[in-house]
Structures are given as structure tokens and as C-alpha cells.
Amino acid sequence: MKRAMKVVKRNTLFFLLFTMIAAVMLCLTLFLSKATCFMALNPVHTPALALVFNMFTFLGDGTFVIALAILIIVTAKRHRRLAYLIIISYLLSGIAAQLLKTFIPAPRPAVFFHEHHINYYLDTFAHSRIGWRSFPSGHSASAFALAAVLSLYTRRKTVCVFSIAIALCTAYSRIYLGHHFLTDVLGGITVGVLCAVLSFLWYKPIKRTIIKPIKNTLSGKGLRNAPGTSMTTDV
């Protein structure tokens, strides 16, 4: 617990903003029905807005997150720890989200409105996901895990405010594009932030048991230091 509080103190502004956002979302989900909340958050739909939010939703995709981590590893060696933290938090949030989706069946918006015979349709439903794996939002989890890691690593207020604003837009894009309800997004951002904190707490043991051996293997150190391996060459 003490170690977790130490991580939180690295950037109290991030956790203050996150708590405020989560509290507003929680209030909306408690006082409004699922359908009412979804419709209230989708007042205007245009092709231009759909394009914008499709770009935002990509920021929560695994392809973007992993590509960003690789870019940091290749171009900024002194910030490789940040890259590893991004990868660890993404993997943790992804695994957690998929497990919750498996054990908590929840209909996607298009399925929900059809099942409850609610006469409501968005143009984005034509391309939105269907099925019963809506909770939590994986993209929201990834986006907020990334925002949390960037904020905690840099400890800069500007980075904190900017990253959480982008993450919030990414989370909202999942509602706008018809993939998730607000409850799914709330679950996703909570999973993402918790996994980001865990990535800081577990970084050292993961580095010692996984990252370092892989680096040694790739660099050839593991082979050179293996028992019975001679360091001399034949002439």
C-alpha cells in the first residue's frame, strides 16, 4: 500500500483529474438509464465528426501504443524505461479487459437497443461492433493506461493535462462511434489507470526476470556467458 501511495504522489494532479472525471461518469450512470445516457452523449452526428473520432479511437488501439513504445526505444535510449512501462501497462490493461469481457457479458449499444425494442438508430451502428463483449472498453483502458504512465513518468503538469484530455477524447470516441456505453468507458478508464500504477510497482521484478534476459539474449551476452562456452577462437 505504501508503494502504491508513493506512485500516486508522483503526480497528484493526474489522479485528482481522473477522480473528478470518474465521479462525473459514475453520477451519470447512477441517475440516468443506459439508453438515456447513451442518447444524451450522442446529440450531433456528422461525417466530419465521425472522421475526427475515428482518429481519436486509433490512439487507444494496440497498434498505436506498441508503435509509440518501439519509437521511444529506437530514438530515445535514455527513456527506454518509459517505453517498457507503456508496454507493461498496455499488456496488463489488455489482459484485464479481456478477462472482464469474458466473465461479464454485456451487450453492445446496437444489440442493446435491438434487444430492448428501443427505436433508436445512429449512422455509426452500421460499422460499430456487435455482440456481448462490451464491458469494459479496451480502447479506453489502453488510452488511460498510456496517459497515466506518461503523467507519472514525466511528472509535468502540461503533459498530465494534455494526455488526460486526449485519453478522454479517445474514451468518448467509443461512445460516439457506437461501440460502448458510458458504463463500459468508466470500467475501461478505471482498469487502465490501475494497470498503469501496477506497471510502476511491478517494473523492477519484470525487468529483472523478463526484460533483462531478453536484452541479454538479443545482444548475445546470454550465449557468451553460458556454462561450457569458450571465449577463445581457433586459429
Please tabulate, one pair per line, all N/O donor-acceptor pairs under 3.5 Å involving side-chain atoms of residues 42-53, not counting sequence neighbours.
residue: N42; atom: OD1; partner: H45; partner atom: NE2; Å: 2.8
residue: N42; atom: ND2; partner: F38; partner atom: O; Å: 2.9
residue: H45; atom: ND1; partner: D123; partner atom: OD1; Å: 3.3
residue: H45; atom: NE2; partner: Y176; partner atom: O; Å: 3.4
residue: T46; atom: OG1; partner: L49; partner atom: N; Å: 3.1

### Task
Please name the pair of heavy atoms, one in V7 and one in L152, separated by the smallest distance, quoted to 0.1 Å.
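Looking at all heavy atoms of both residues, the closest pair is O-CD2, 3.5 Å.
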### Y90 versus G62, closest heavy-atom pair with distance
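It is OH-CA, 3.2 Å.
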Taking side chain as C-beta onward, heavy atoms only, is [X] less than 4.5 Å from [Y]?
X	Y	value
V149	S199	yes
F64	L146	yes
I86	I66	no
D184	F181	yes
V159	N11	no
P205	R208	yes

#### Entry: Nonpolar side-chain network containing V111, other nodes, edges under 4.5 Å
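Members besides V111, by chain and number: I130, W132.
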Taking side chain to side chain donor-acceptor pair (under 3.5 Å) as the definition, give me every residue that meets it alongside [X], ordered by chain and number, with sequence neighbours left out.
X	value
S140	S137
T63	D61
S151	S163

### Task
Scan side-chain atoms only and decide if H180 and R108 contain a donor-acceptor pair under the 3.5 Å cut-off.
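The criterion, which ignores hydrogens and geometry beyond distance, is satisfied for R108 and H180.
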### Evaluation steps, side-chain contact (heavy atoms from CB on, under 4.5 Å), between S173 and N54
CA-CA 7 Å; S173 73; N54 266 305; over 6 Å; no
### Task
Apply the test side-chain contact (heavy atoms from CB on, under 4.5 Å) to residues I21 and I164: give CA-CA distance (whole Å), side-chain angles for both, the deciding distance (0.1 Å), then the verdict.
CA-CA 10 Å; I21 291 169; I164 206 168; 4.1 Å; yes
### Task
Check the hydrophobic clustering (I, L, V, M, F, W, Y; side-chain heavy atoms under 4.5 Å; chains of links allowed) and say if I70 and I206 are grouped together.
yes
### Query
Is there a chain of hydrophobic side chains (I, L, V, M, F, W, Y, each step under 4.5 Å between heavy atoms) that links I118 to L41?
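Yes.
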Which pairs would a plain distance check flag for residues 25-33, meaning a side-chain donor or acceptor within less than 3.5 Å of a matching protein atom at least two apart in sequence or in another chain?
residue: T29; atom: OG1; partner: M25; partner atom: O; Å: 3.3
residue: T29; atom: OG1; partner: L26; partner atom: O; Å: 2.7
residue: S33; atom: OG; partner: T36; partner atom: N; Å: 3.1
residue: S33; atom: OG; partner: T36; partner atom: OG1; Å: 2.7

Acceptor/donor pairs from residues 73-83 side chains to any protein atom, 3.5 angstrom cut, sequence neighbours excluded:
residue: T75; atom: OG1; partner: L71; partner atom: O; Å: 2.6
residue: H79; atom: ND1; partner: Y153; partner atom: OH; Å: 2.8
residue: R80; atom: NE; partner: I73; partner atom: O; Å: 3.3

Can you sort out the partners of [X] under ring pair (Phe, Tyr, Trp, His ring centres under 6.0 Å), two or more places apart, ordered by chain and number?
X	value
Y121	F125
H127	none
Y120	F113

### Message
Quick one: does any side-chain atom of H116 pair with a main-chain N or O of F112 as donor and acceptor, under 3.5 Å?
### Response
yes
### Task
Quickly, which of V191, V197, T190 forms a side-chain contact (heavy atoms from CB on, under 4.5 Å) with L194? Name it, please.
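Considering V191, V197, T190, a side-chain contact (heavy atoms from CB on, under 4.5 Å) with L194 is found only for T190.
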#### Entry: Qualifying ring pair (Phe, Tyr, Trp, His ring centres under 6.0 Å) pairs, either residue in residues 3-28, two or more places apart
none
### Message
Show, in sequence, the C-alpha distance, side-chain angles and deciding distance for R174 and T57, and conclude whether the side-chain hydrogen bond (donor to acceptor under 3.5 Å, both in side chains) test is met.
### Response
CA-CA 7 Å; R174 304 307 290 165; T57 210; 2.7 Å; yes
Per-pair distances, 0.1 Å, donor-acceptor, side chain in residues 94-101, under 3.5 Å, sequence neighbours excluded:
residue: Q98; atom: OE1; partner: R133; partner atom: NH2; Å: 2.5
residue: K101; atom: NZ; partner: R133; partner atom: O; Å: 2.9
residue: K101; atom: NZ; partner: P136; partner atom: O; Å: 2.8

